[in-house]
6 protein chains.
Amino acid sequence: MSDNWLESLITNTPEDGYAMAIKLSRMAVKLTQPNADKREELRSVYERDADALIAVSQVVATHFQTIAKANNYWRQR
Amino acid sequence: MSDNWLESLITNTPEDGYAMAIKLSRMAVKLTQPNADKREELRSVYERDADALIAVSQVVATHFQTIAKANNYWRQR
Amino acid sequence: MSDNWLESLITNTPEDGYAMAIKLSRMAVKLTQPNADKREELRSVYERDADALIAVSQVVATHFQTIAKANNYWRQR
Amino acid sequence: MSDNWLESLITNTPEDGYAMAIKLSRMAVKLTQPNADKREELRSVYERDADALIAVSQVVATHFQTIAKANNYWRQR
Amino acid sequence: MSDNWLESLITNTPEDGYAMAIKLSRMAVKLTQPNADKREELRSVYERDADALIAVSQVVATHFQTIAKANNYWRQR
Amino acid sequence: MSDNWLESLITNTPEDGYAMAIKLSRMAVKLTQPNADKREELRSVYERDADALIAVSQVVATHFQTIAKANNYWRQR
């Protein structure tokens, strides 16, 4: 795992927090299947599969929950 | 990702919070499958599939949990 | 979405909180598949499908967690 | 839904809290499929299905999380 | 359910907390399918099924979250 | 389960916390299927299966949520 891919959970905006949630959800796939070509192949399958896309959304939702909490829900802006 | 699609997690009412949860759940699909036509095609499939609809509800429930917390459950109304 | 379907997350009793959790879980399906006839059709399928019923229970459990927290677990009764 | 099936989330022991979590997970099935004979039929299927049993465990785990929190994790015993 | 299988959620170490999470995840299966022979049969199936093993991990993760919180994340050691 | 595989949930960085989340998600598989050869066999299957990879990501997300909380989201760095 390349160092420094996740320096901090703190982001400036909720949008940035959401982008980080997507990054976190993809990283687990990357670490389980390190071969980039195979990942690309799998991606071409699941981006046309409604069930897989919804499952990805669930992972993102869980990470976003963590990140939102870490940022105190960006309340003090 | 278009800027400013998620300015804040704070909403006026629980209904607005729920609508935001749906928006957040769809955004992950949009970012994973950016092609609008393909998304429309997938949507026409899963809106007739009970399992997919229930899975969507699960994603919405997770986001609603985050948003409700951010809004301190809209208690001080 | 009809206005005022979710005025507040506060309920008098845990039973009422559970009923609200069921309402919240169904609302996502309603908003994704707005056609009432198609929903009825889907319902007739999944109410005979153990996996779907368990998946519905999971969504309800997530919403109940949110609502119970909002009500401070109905401790001060 | 029969009244008073869930008077309180407070239990004396963690075991009782776990039993309540099972009750809460079954109640959603009951309310979605009110016909007791059909539920019995479904039950005879899923109790021999590893995937369904694991899915039930997930629902129970979510409810147990809620109940444990409500009871402050039974720390002050 | 045999009494006293879960006296407390407090454990000495994170390892013990993880072991308890596994115990909690199996207990729901035990209570849904009380026949030990049938459970053994199911086990021999799912221990060779990647999807089932991952689903079991998810249940364990949820229980571990609860137990870690109960133990204040074993911070004051 | 080998002793001392999880001395503490506290990590120096978010990256280390994420690596621990992956370790925690694999440990449940290890404890359910203790045979290393069979696990290797299963792994060769699921690393080519998009659905399984996404499901693994979900388990990791849940553990990461726990670990991030334990570390107070690495805010005071």
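So you know, we letter chains A, B, ... as the sequences are listed, proteins then strands, and number each from 1.
- Using a 4.5 Å cut-off on side-chain heavy atoms (C-beta onward), A:Asp51 and A:Tyr46 make no contact.
- In this structure, CD on F:Glu41 lies 9.0 Å from CG on F:Asn35, to the nearest 0.5 angstrom.
- Interface remark: A:Thr32 contributes backbone and side-chain atoms alike to the contact with chain F (heavy atom separation under 4.5 Å).
- Between A:Gln33 and A:Lys38 the shortest heavy-atom distance is NE2-CD, 3.7 Å.
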Determine, stepwise, if the pair F:Met27 / F:Leu6 fulfils side-chain contact (heavy atoms from CB on, under 4.5 Å).
CA-CA 10 Å; F:Met27 192 52 81; F:Leu6 183 65; over 6 Å; no
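- For a residue to count as touching a neighbouring chain, one of its non-hydrogen atoms must lie under 4.5 Å from one of that chain's; by this rule F:Asn72 does not touch chain A.
- For chain F, the nearby part of A:Ile10 is the side chain; its heavy atoms alone come within less than 4.5 Å.
- Contacts between F:Ala68 and chain A at a heavy-atom distance below 4.5 Å involve the side chain alone, from C-beta outward.
- With rounding to the nearest 0.5 Å, the separation of OG1 in F:Thr62 from CD in F:Gln65 is 6.5 Å.
- The part of A:Asp49 that comes within reach of chain F is its side chain, from C-beta onward, which places non-hydrogen atoms under 4.5 angstrom from that chain.
- Looking at A:Val56, the atoms closer than 4.5 Å to chain F (heavy atoms on both sides) sit in the backbone and in the side chain alike.
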